[in-house]
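Order of the sequence lines sets the chain letters (A, B, ...), proteins ahead of strands, with each chain counted from 1.
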Protein chains: 2
Amino acid sequence: MTAEPYYSADGITIYCAEALDVLPELSGVGAVVTDPPYSSGGAFRGDRTRGVVAKYVQTGTLAYRPEFAGDSRDQRSFLVWSTLWLNAARQGSVSGAPVCVFSDWRQLPTTTDAVQVAGWTWRGIAVWAKGYGRVNGSGMSSSAEFVCWGTNGPAAEREDYPPGLFTCPPERGEDKRHVAQKPEAVMRWLLRLATPGALVLDPFMGSGTTLRAAMDLGLPAVGIDSDERYCEIAAKRLAQGVLPFGGVLA
Amino acid sequence: MTAEPYYSADGITIYCAEALDVLPELSGVGAVVTDPPYSSGGAFRGDRTRGVVAKYVQTGTLAYRPEFAGDSRDQRSFLVWSTLWLNAARQGSVSGAPVCVFSDWRQLPTTTDAVQVAGWTWRGIAVWAKGYGRVNGSGMSSSAEFVCWGTNGPAAEREDYPPGLFTCPPERGEDKRHVAQKPEAVMRWLLRLATPGALVLDPFMGSGTTLRAAMDLGLPAVGIDSDERYCEIAAKRLAQGVLPFGGVLA
DNA sequence: GCCGAGAATGAATCCATCC
DNA sequence: AGGATGGATTCATTCTCGG
């Protein structure tokens, strides 16, 4: 390993770098759980009908990027980029390792394509139900996020069969350190797919929720983020020690 | 209209024919809500080409539910076929009409492609949460079905914004007349997208749940099914008159 | 009528075996 | 070799029936 960790303690390692630079150096990964940038926010729909572009601006997790509006090139580059990191992550993973990739509805078909093109066996779409609805102006309110999941070849033998739908309210207020942050309970739900002792990888760590959940479950973990501000936030969060009750908080 | 209705009463019409034969003759459709054959059911071709009862209810001892046809297409023909009927349905629809197409996780990306290629504006993925799931041995249990939805051009103005996730247990026992039957409450949920008085179309009627829900909501409806056994079941079900309580049973 | 034990069920999946 | 078939298996929930 030539890359230098930004943080390392208690089986948890953080790299402050581009995912594609670090992933080729990893091996022995037992589970990949991540929430990559969606590159969504309404920028990619070939949009014949949308009246007001402004309604997508800043309503999602990403700002609208006008230079990409209505251009399917980005849909394709999102596919290529997703395939690249997913393949690199799979190369470092053991046989049977599960992969979980968050996506919004817009990018879900591209994500399922990327997972398969990268060599993973796609096995399903799990749903994180946020328990509330946001009216989106044209019809149904979006109250769920999706997780495209699969395995590296045949699934490892497992004792736990988590449900394909998990209900949990989103993070709010001071606990929210990142615009796209997921609650730890959501990550613990997905980590039930990991076998005992599996090395957890999150190539787009953000504020470190996946790593925090892995730590609370007693699993070693590797996180990568290119933004040093988030590496710092995550490192602080992980340095706070394990939670009481053996990390089995509901 | 040259096709001869199999049943017609109280604003409800049933055609016993192939969807692609009848759809070109329809016009003025205000909402398309349907549950087409998924052509899904397993990673192995042998599993997919099995009869629907064998591949979907193999563990059960019940054999009284009729088989249904058109469930063994491969990926390419499923896409082409879906595009064809979706386009034909759109041609007969008024501007702003919503479309809702059920899918399982495996066919969801193909379904979103077909909806868009057929000229509909894709607007989201809604989730029917069944409340519990069937374990599949390799990881998460599948406890949801998905609804790809959109509109014919700009969405019609509406007052009702149904939630993007709806929880309701699946039909069981004698109320279940079709292997893939959806509860009426699920269909009423989707029909909230229809404007008042809209003509509802279900090209793959099955046992007629969509039509029954439309009838209870006071909406006119057209159903199509190629299997006369299901046309008979649906006609009987629709001839029973409106439910008490103004059709707002929970 | 209430409760609990045991059986049944589900738009599966995987593997062994037989043509 | 490759398609077709039979059957074991997984868990949450509901159903059935007896006490």
With rounding to the nearest 0.5 Å, note down the distance linking OG1 in B:Thr110 to CD in B:Gln75. 4.0 Å
Counting heavy atoms from C-beta on, name the nucleotide in C:dG10, C:dA11, D:dC11 closest to the side chain of B:Val135. D:dC11
Between atom CE in B:Met140 and atom P in C:dT13, what is the gap in whole Å? 14 Å
If you only use heavy atoms from C-beta on, which nucleotide in C:dA12, C:dA11, D:dT13 is closest to the side chain of B:Tyr132? D:dT13
Among C:dA11, D:dA12, C:dT13, the one nearest any side-chain atom of B:Trp105 is C:dT13
For C:dA11 and B:Lys176 - does any side-chain N or O of the residue sit under 4.0 Å from the phosphate oxygens OP1/OP2? yes
Distance-only side-chain donor-acceptor flag, A:Thr34 / A:Asp202, under 3.5 Å: yes
Just to confirm, is there a sub-4.0 Å distance from OP1 or OP2 of D:dT9 to any side-chain nitrogen or oxygen of A:Arg158? no
What does A:Arg123 touch in the nucleic acid at a heavy-atom separation under 4.0 angstrom: a base, only the sugar-phosphate, or nothing? sugar-phosphate
Considering only side-chain heavy atoms of B:Arg50, which listed nucleotide, C:dC14, D:dT10, C:dA11, is closest? C:dC14
For B:Asp160, look at atom CG and say whether over 12 heavy atoms of other residues, nucleotides or ligands are found less than 6.0 Å away. yes
Show your working on salt bridge (Lys or Arg N to Asp or Glu O under 4.0 Å) between B:Asp71 and B:Arg48 and close with a plain yes or no. CA-CA 8 Å; B:Asp71 199 61; B:Arg48 273 182 269 119; over 6 Å; no
Chi angles and distances behind the ring pair (Phe, Tyr, Trp, His ring centres under 6.0 Å) call for B:Phe166, B:Trp128: CA-CA 5 Å; B:Phe166 186 77; B:Trp128 169 36; 8.6 Å; no
d(CG, A:Asp160; P, D:dC11) in whole Å: 9 Å
Determine, stepwise, if the pair B:Asp227 / B:Arg229 fulfils salt bridge (Lys or Arg N to Asp or Glu O under 4.0 Å). CA-CA 5 Å; B:Asp227 190 328; B:Arg229 290 170 302 179; 2.7 Å; yes
Nearest whole angstrom, please: distance from the C1' of C:dG10 to the OH of A:Tyr161. 16 Å
Return the value, rounded to whole Å, for the distance between atom CG of A:Leu165 and atom P of D:dT13. 12 Å
Closest to the B:Lys130 side chain: C:dG10, D:dC11, C:dA11? C:dA11
Of all pairs that satisfy salt bridge (charged side-chain N to carboxylate O under 4.0 Å, His left out), the ones with a partner from residues 137-152 of chain B, not counting sequence neighbours: B:Lys130-B:Glu145, B:Glu145-B:Lys182
Work out how far the P atom of C:dA11 is from that of D:dT9, and round it to whole angstrom. 22 Å
Among the nucleotides C:dA11, C:dC14, D:dC11, which one has an atom lying closest to any side-chain atom of B:Asp71? C:dA11
Nearest of C:dT13, D:dC11, C:dA11 to any side-chain atom of B:Ser138? C:dT13
Does the structure show B:Tyr38 stacking with C:dA11, if we require the centres to be closer than 5.5 Å and the planes to be within less than 30 degrees of parallel? yes
Quick one: which of C:dA11, C:dA12, D:dC15 gets closest to the side chain of B:Arg172? D:dC15
In plain terms, say whether B:Lys55 and B:Glu67 are close enough for a salt bridge, that is, a side-chain N and a carboxylate O under 4.0 Å apart. no
Comparing B:Gly133 with B:Pro169, nearest DNA chain D nucleotide closer to 5' gives the residue B:Gly133
Whole angstrom value for the distance that separates P of D:dT9 from CD of A:Glu159: 17 Å
B:Lys55 NZ to C:dT9 C1', straight-line distance once rounded to whole Å: 20 Å
Nearest whole angstrom, please: distance from the P of C:dA11 to the CD of B:Gln181. 11 Å
What's the CG-C1' distance between B:Asp47 and D:dT5, to the nearest Å? 10 Å
Considering only heavy side-chain atoms of B:Arg106, the closest of C:dT13, D:dA12, C:dA12 is C:dT13
Base, sugar-phosphate, or nothing for A:Pro162, non-hydrogen atoms under 4.0 angstrom? nothing
So what does the secondary structure string of DNA chain C come out as, 5' to 3', with Watson-Crick or wobble pairs under 3.5 angstrom, [ ] for crossing and | for pairs with another strand? .|||||||||.||||||||
Minimum-distance nucleotide to B:Glu145 side chain [options: C:dA11, D:dT5, C:dT13]: C:dA11
Measuring centre to centre across the rings, with the benzene-like ring taken for any Trp, is B:Trp122 within less than 6.0 Å of A:Trp105? yes
